[in-house]
S.K.: 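Okay, here's the structure, questions in a sec.
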Amino acid sequence: MDHSDEQVRLLAEDGALLEHDTYEVDLSEDGLRDLYRQLVVVRRIDVEGNNLQRQGQLGIWAPCLGQEAAQVGSARALGPEDWVFPSYREHGVIYVRAGMEVLRVLALFRGASLSGWDPQEHHLGLYSIPIGTHALHAVGYAIGAKWDGAELCVAAYFGDGATSEGDTNEAFNFAAVNAAPVVFFCQNNQWAISVPLSKQMAAPVYKRAFGFGFPGVQVDGNDVLAVYAVTKAAADRARDGGGPTLIEAITYRLGAHTTTDDPTRYRTVDELDTWKAREPIGRYRAFLEKAGLFSEELERDVQAEADRVAAEVRAAVEHLPDPPLSDLVDHVYADPPATLRSQWRRFEEFEAQFASEA
Amino acid sequence: MDHSDEQVRLLAEDGALLEHDTYEVDLSEDGLRDLYRQLVVVRRIDVEGNNLQRQGQLGIWAPCLGQEAAQVGSARALGPEDWVFPSYREHGVIYVRAGMEVLRVLALFRGASLSGWDPQEHHLGLYSIPIGTHALHAVGYAIGAKWDGAELCVAAYFGDGATSEGDTNEAFNFAAVNAAPVVFFCQNNQWAISVPLSKQMAAPVYKRAFGFGFPGVQVDGNDVLAVYAVTKAAADRARDGGGPTLIEAITYRLGAHTTTDDPTRYRTVDELDTWKAREPIGRYRAFLEKAGLFSEELERDVQAEADRVAAEVRAAVEHLPDPPLSDLVDHVYADPPATLRSQWRRFEEFEAQFASEA
Amino acid sequence: MAQITMAKALNTALRDAMEADDRVVLLGEDVGTLGGVFRITDGLQKDFGEHRVMDTPLAESGIMGVSIGLALRGYRPVPEMQFDGFSYPALDQVISHLAKYRNRSKGAQAMPVVCRIPYGGGIGAVEHHSESPETLYCHTAGLKVVTPSSAADAYSLLRQSIQDDDPVIFLEPKRRYWAKQEVDLPVATEPIGTAKVLRPGDDLTLVAYGPMVKVALDAADAAQEEGVGSLEVIDLRSLVPLDEETLVASASRTGRMVVVHEAPEFLGMGAEVAARVTEAAFFHLEAPVLRCTGLDIPYPPARLEEAHLPGVDRVLWTVQRTLDF
Amino acid sequence: MAQITMAKALNTALRDAMEADDRVVLLGEDVGTLGGVFRITDGLQKDFGEHRVMDTPLAESGIMGVSIGLALRGYRPVPEMQFDGFSYPALDQVISHLAKYRNRSKGAQAMPVVCRIPYGGGIGAVEHHSESPETLYCHTAGLKVVTPSSAADAYSLLRQSIQDDDPVIFLEPKRRYWAKQEVDLPVATEPIGTAKVLRPGDDLTLVAYGPMVKVALDAADAAQEEGVGSLEVIDLRSLVPLDEETLVASASRTGRMVVVHEAPEFLGMGAEVAARVTEAAFFHLEAPVLRCTGLDIPYPPARLEEAHLPGVDRVLWTVQRTLDF
Ligand SMILES: Cc1ncc(C[n+]2csc(CCOP(=O)(O)OP(=O)(O)O)c2C)c(N)n1
Ligand SMILES: Cc1ncc(C[n+]2csc(CCOP(=O)(O)OP(=O)(O)O)c2C)c(N)n1
Ligand SMILES: [Mg+2]
Ligand SMILES: [Mg+2]
């Protein structure tokens, strides 16, 4: 289910800029160049994640390869006052919003934490693995923000498979009834692990919104400018009291579902090749070239930055100490039950033996 | 949200027959008269339920007053081979499908059973109180029937409030993806206890279907002929492999949510009066008169039948014995755990004292 | 002193909490205009407005998930599950997020959500309206589980729960909503985590909570009159944190204990109390800790619930079994 | 005899059950083309077709609700919940319908649904992939809860579960999927409801199930070598029905018992076993039944799971505490 007919596009596959009567890009030349930098860096971080997993530094990694435009384009359209509720593959979104805080994500995949950041710091909900559940957190936050008269919107990121969960649909309805300032951003990467779109749904994702009473729009998720423009419009609408929008970004997971997955069991090389040809960074670079915004110098700087970030990621992960045993209990309650305290004292007695032995 | 513009109607409010380019009625004159009988009898059963509750013979009653056309019209459109998965207010549907088996429903509201019938006997799922949940049972049954090549459809009955539950939406999606032979029949009676439509949803119910990839239709739920025609078309479509349909029957709960509810706390007398004027039986009787199908004799027979049924219901309920203590454990497992057996033996020891005392 | 029902005490606690802190909001099915099917939120929407008391769509997982989002925004949401049997659709949000969010943020993010659930049977209701789901919540680390047995505790424990930075499952014994007690509100009773000896005794300790406290007290009175013995009655008040100290002290003194609850016996609270008390008071026990509970069956039809639920007679019978041990 | 992994035994059991009865169908996320994330359904869709092995949309409540509908149609559905932590969205369907349907129909309608759930930790997974939810199911009357610890039992118990007319929650200890055992399939082991004494002993009884059985056996060996004592090891095999008789007989003989499980201690299976065994064997016990379990915390990050989970050392330490009592 590609529906290219219905998709908003600002860049042709060859990178040529297209006219669109509703959407346009308001980025400066520097902004356009910076978008390229972010795309390249995000891809490099992702590659690094795969490498670190292969070397046993991470327990698992969920690659976002191929989805960089959907993530960078949408995240760029949000302001610092806005909130993001990510799923578990939004490394690109995290990098754009919080820079090297993306290291927290690597710590999570290393098995050293369960997210471990303060959501209030970068207005960033914790990574959420139970599919669909966090869309409701986004709506709840948005309803509260609206009550407070805050000028912000809340973006909820989820995948095509997530649209099947009851929670996601309850979130659509709560947002619609409350005209909550939410941007539902669905990265339709064609697969939910091994389950293709055709077994997941019988209508394109964006149409789901109409049935709940708010607008849905389908965008070429590998066209970073279109994603940016469509997200910006939805975010502005939300901040202005226009209520929720559902954005379906048509993209493709070029990598495995996670490093434990073997996609060759369920998808064809042909399909993969078709989508490799559509990968977003090459197309954007072609646009920059056509627009005269590209230069060897830019490429050098961007690659240097990518190398720097990759090295930082690698060093940080390799030197990440294991969490202290006290992390087991210290954060469960603000005020832990006496039974947990005594259970912990007993556990420490047990651990003490080895200390003494050592 | 009335959307009278969008509703399928075959009877004007004054009972005049209307032309419709898609839907027509295929009932014989006797069939049309019998429909009147069923409407009147169902209303009488419902009145009896209220009375019996007031007299302490039932613990509670959920009146279907005002929804007789939606229930009788839709149930009449289904064949004996079709299946019905009711909620807790479908007394009219039960009567049309299973006649005096409706007594089981009264036993349930008396507190003597938890439904207590064999679903296979009348192709009738058990009454289901947890909102939305049984829509999935209907879809599961329908998928299985389709695998078996059975020529039947499955009707799931639920209310406007039920459309907000995740389960209902998951049911829509499972039915759509499997092109399951399901008729989702939503009685939109404008209220979910005290919650009005405006707080329940932001778009008319029938449009929800489009977002899942199947047809939705809105019908005047107080027009028994339109409900019959629309349901029959959806059922035929389902049996012919056309997949699911969502029917939104616009009606109104003229009574309390249940006998424990006080609607004056949340709705106005004006609103009630408006809908009283639209109640379905008077309109249908006016149609019969205009069509020359009505006679004093018919009225006499129908009222006599209603009296007979009412008397039978009253007698049956008043003489319903309390269930034996053994009902507590006899049906929990086909093969009960030893721990439950021994728990029960101990319970019997305890009970035995009183036997001996007596 | 005024005669006040538990329902009125809960209603007043919500009102006082909302006046004290305008980040306290109520949400749920029919909590607004109607004031809740049990009228616990009666009059609050009228006085505090539509967003402080929000009638939501019919979706429990949605209600819980939205409450979590509101907590992230800095609110102190008090969602209501209309009945025990309808709290199950929210379990994933409760187990996967509500109970874990603080821990997942390494303590940075509080989750001050109080989930109110009318629970338990004995009111002649139809199916799904009389369940006792406390085990599901008590086994879920990260939650507190509180249940009052009197109007005074209902007021004080609900106020404490709303002030607590940890998520609280607040179980309201619906069959006691209309029971009256002499009390002037506001009232402050013992903190969450302390059980209360409601009646001192020497021969055996009866442990109960919520709806069964009255039954335990009546049984203790009957035991006294009938010369069965002198029973001590402990009201747990909060199941998590569980006041092990008070339980162990009492069992060590009386040497005998019976735990009473409506929930099924198998993995009901009685199992945890018995295991803990036996470990801590092993050499003081003259008999095993016995359990007098609902049967291990789905909640039965109303006409059979009296037999299913522990009553004074069955409690006394179990007490006698313990004394005869 | 062949060396067979538990995963292979489960796969073979499903295949044999589907060949024996064409009303047996599998459904769940990724169970078809992929053969499940753990390959338990590997090759079955290819051989039995798309409807006997159905890849469903991503919705656990839907998977369970549809399974109930299929059972009403006369099928024997075997839904899979991809991981323990993702079984929670289906809890309402399980508690409100799956467990109750037979009872609500006065015994007329069977519910032969087997819900397969890979459970437990120790595999270094990310959050929500290592939970032990057995208490939630064991406390729900109307369900059976079965969990194998070996390839032979995995095969036999799964075949038995699929033939059972009652709904079964089939918990697969995922960390044991790749453990091999000498066994020829098909194999028939003891019926559901019987626990098994895997190792006879005189001084203390170790009770375990699923993933902890291996740990218990290793601890018993170590205890022997280190001269701590002779430990009897019992594998529960099914939690509901619980084989109280075998437990009580063993505890009465050894006089001491330790229950081991990954799930949190508070209202974990250890509580029920301790309460029951203490009641039935009170005068034979020389020490209270102690529990060696996961901590009362949300499942920790992988780098800390080893400390959270009972290992041989912590089991032996608890054994010593019991012996010293
Ligand atoms: C409630 C729940 N069920 C199952 C899973 C296991 N699981 C993890 S990712 C995934 C597929 C998600 O697909 P999609 O929503 O399209 O997101 P994508 O992985 O493609 O980005 C599944 C089934 C889960 N994490 N949560
Ligand atoms: C899961 C669940 N939540 C809450 C309830 C309590 N409840 C019973 S009926 C009802 C309103 C249902 O409204 P609607 O779906 O429109 O059906 P109606 O009663 O109007 O026929 C509610 C909230 C329930 N039965 N199940
Ligand atoms: Mg996807
Ligand atoms: Mg309604």
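Nothing here was measured: the structure is a model prediction, and the numbers come from that model. Order of the sequence lines sets the chain letters (A, B, ...), proteins ahead of strands, with each chain counted from 1.
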S.K.: Can you tell which part of D/Glu286 gets under 4.5 Å to a heavy atom of chain C, answering side chain, backbone, both or neither?
M.R.: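 D/Glu286 touches chain C through backbone heavy atoms alone.
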S.K.: Answer with side chain, backbone, both or neither: which region of C/Ala274 has an atom nearer than 4.5 Å to a non-hydrogen atom of chain D?
M.R.: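 When you check distances to chain D, only side chain atoms of C/Ala274 fall under 4.5 Å.
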S.K.: Under 4.5 Å heavy-atom distance to chain D, tell me which part of C/Asn103 shows up: side chain, backbone, both or neither.
M.R.: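 Answer is side chain: those atoms of C/Asn103 sit under 4.5 Å from chain D.
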S.K.: In the structure I gave you, are the side-chain heavy atoms of D/Tyr88 and C/Ile95 within less than 4.5 Å of one another anywhere?
M.R.: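 Answer yes - side chains close enough.
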S.K.: What part of C/Phe266 lies closer than 4.5 angstrom to a heavy atom of chain D: side chain, backbone, both or neither?
M.R.: both
S.K.: By a 4.5 Å heavy-atom criterion (distance strictly below it), what part of D/Arg321 contacts chain C: side chain, backbone, both, or neither?
M.R.: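 Looking at D/Arg321, just its side chain touches chain C.
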S.K.: Against chain C, work out which of D/Thr135, D/Leu295, D/Val277 has the most heavy-atom pairs shorter than 4.5 Å and name it.
M.R.: D/Thr135
S.K.: With a 4.5 angstrom heavy-atom cut-off, is it the side chain or the backbone of C/Leu242 that approaches chain D, or both, or neither?
M.R.: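 Only the side chain of C/Leu242 comes within 4.5 Å of chain D.
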S.K.: Please look at C/Leu143 and chain D and tell me whether the side chain, the backbone, both or neither of the residue comes under 4.5 angstrom of a heavy atom of that chain.
M.R.: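 Neither part.
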S.K.: According to the interplanar angle, ranging from 0 to 90°, do the rings of C/Phe325 and D/Phe282 count as parallel (below 30°), tilted (30 to 60°) or perpendicular (above 60°)?
M.R.: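 The rings of C/Phe325 and D/Phe282 stand perpendicular, inter-plane angle above 60°.
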S.K.: Name the region of D/Glu60, side chain, backbone, both or neither, that has any atom closer than 4.5 Å to a heavy atom of chain C.
M.R.: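 No part of it gets close to chain C.
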S.K.: Non-hydrogen atoms of chain D under 4.5 Å away: do they reach the side chain of C/Arg276, the backbone, both or neither?
M.R.: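 Contact with chain D is through both the backbone and side chain of C/Arg276.
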S.K.: Calculate, to the nearest 0.5 Å, the distance between atoms SG and NE2 belonging to D/Cys138 and C/His139 respectively.
M.R.: 9.5 Å
S.K.: First locate atom CG of D/Leu290, then atom CD of C/Glu279, and finally report the distance between them rounded to the nearest 0.5 Å.
M.R.: 4.5 Å
S.K.: For the interface with chain C, which of D/Val273, D/Asp92, D/Leu91 has the highest count of heavy-atom pairs at distances below 4.5 Å?
M.R.: D/Asp92
S.K.: Measure C/Leu136 against the heavy atoms of chain D and call it side chain, backbone, both or neither at under 4.5 Å.
M.R.: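 Contact with chain D: backbone and side chain both.
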S.K.: Could you check whether the rings of C/His128 and D/His97 sit parallel, tilted or perpendicular, using 30° and 60° as the cut-offs?
M.R.: tilted
S.K.: Identify which part of C/Gln93 has an atom lying under 4.5 Å from any heavy atom of chain D, answering side chain, backbone, both or neither.
M.R.: neither
S.K.: Heavy-atom distances under 4.5 Å only: say whether D/Val240 touches chain C with side chain, backbone, both or neither.
M.R.: side chain
S.K.: Does any backbone or side-chain atom of D/Thr322 lie under 4.5 Å from a heavy atom of chain C? Answer side chain, backbone, both or neither.
M.R.: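 Neither part; nothing is under 4.5 Å.
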S.K.: For C/Gln320, look at atom CD and say whether over 12 heavy atoms of other residues, nucleotides or ligands are found less than 6.0 Å away.
M.R.: yes
S.K.: Within this structure, what is the CD-CZ distance for the pair D/Glu272 and C/Arg291, rounded to the nearest 0.5 Å?
M.R.: 4.0 Å
S.K.: What residue in D/Ser61, D/Gly268, D/Gly85 has the most heavy-atom pairs under 4.5 Å with chain C?
M.R.: D/Gly268
S.K.: What are the two closest non-hydrogen atoms of D/Ala141 and C/Pro298, and how far apart are they?
M.R.: CB-N, 3.8 Å
S.K.: Report yes if the side chains of C/Lys100 and D/Glu127 come closer than 4.5 Å at any heavy-atom pair, otherwise no.
M.R.: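 The answer is yes, as the side chains (C-beta and beyond) meet within the 4.5 Å cut-off.
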S.K.: If you count heavy-atom pairs under 4.5 Å between each of C/Ala99, C/Gly142, C/Ala287, C/Ala263 and chain D, which one has the most?
M.R.: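 Winner by heavy-atom pair count: C/Ala287.
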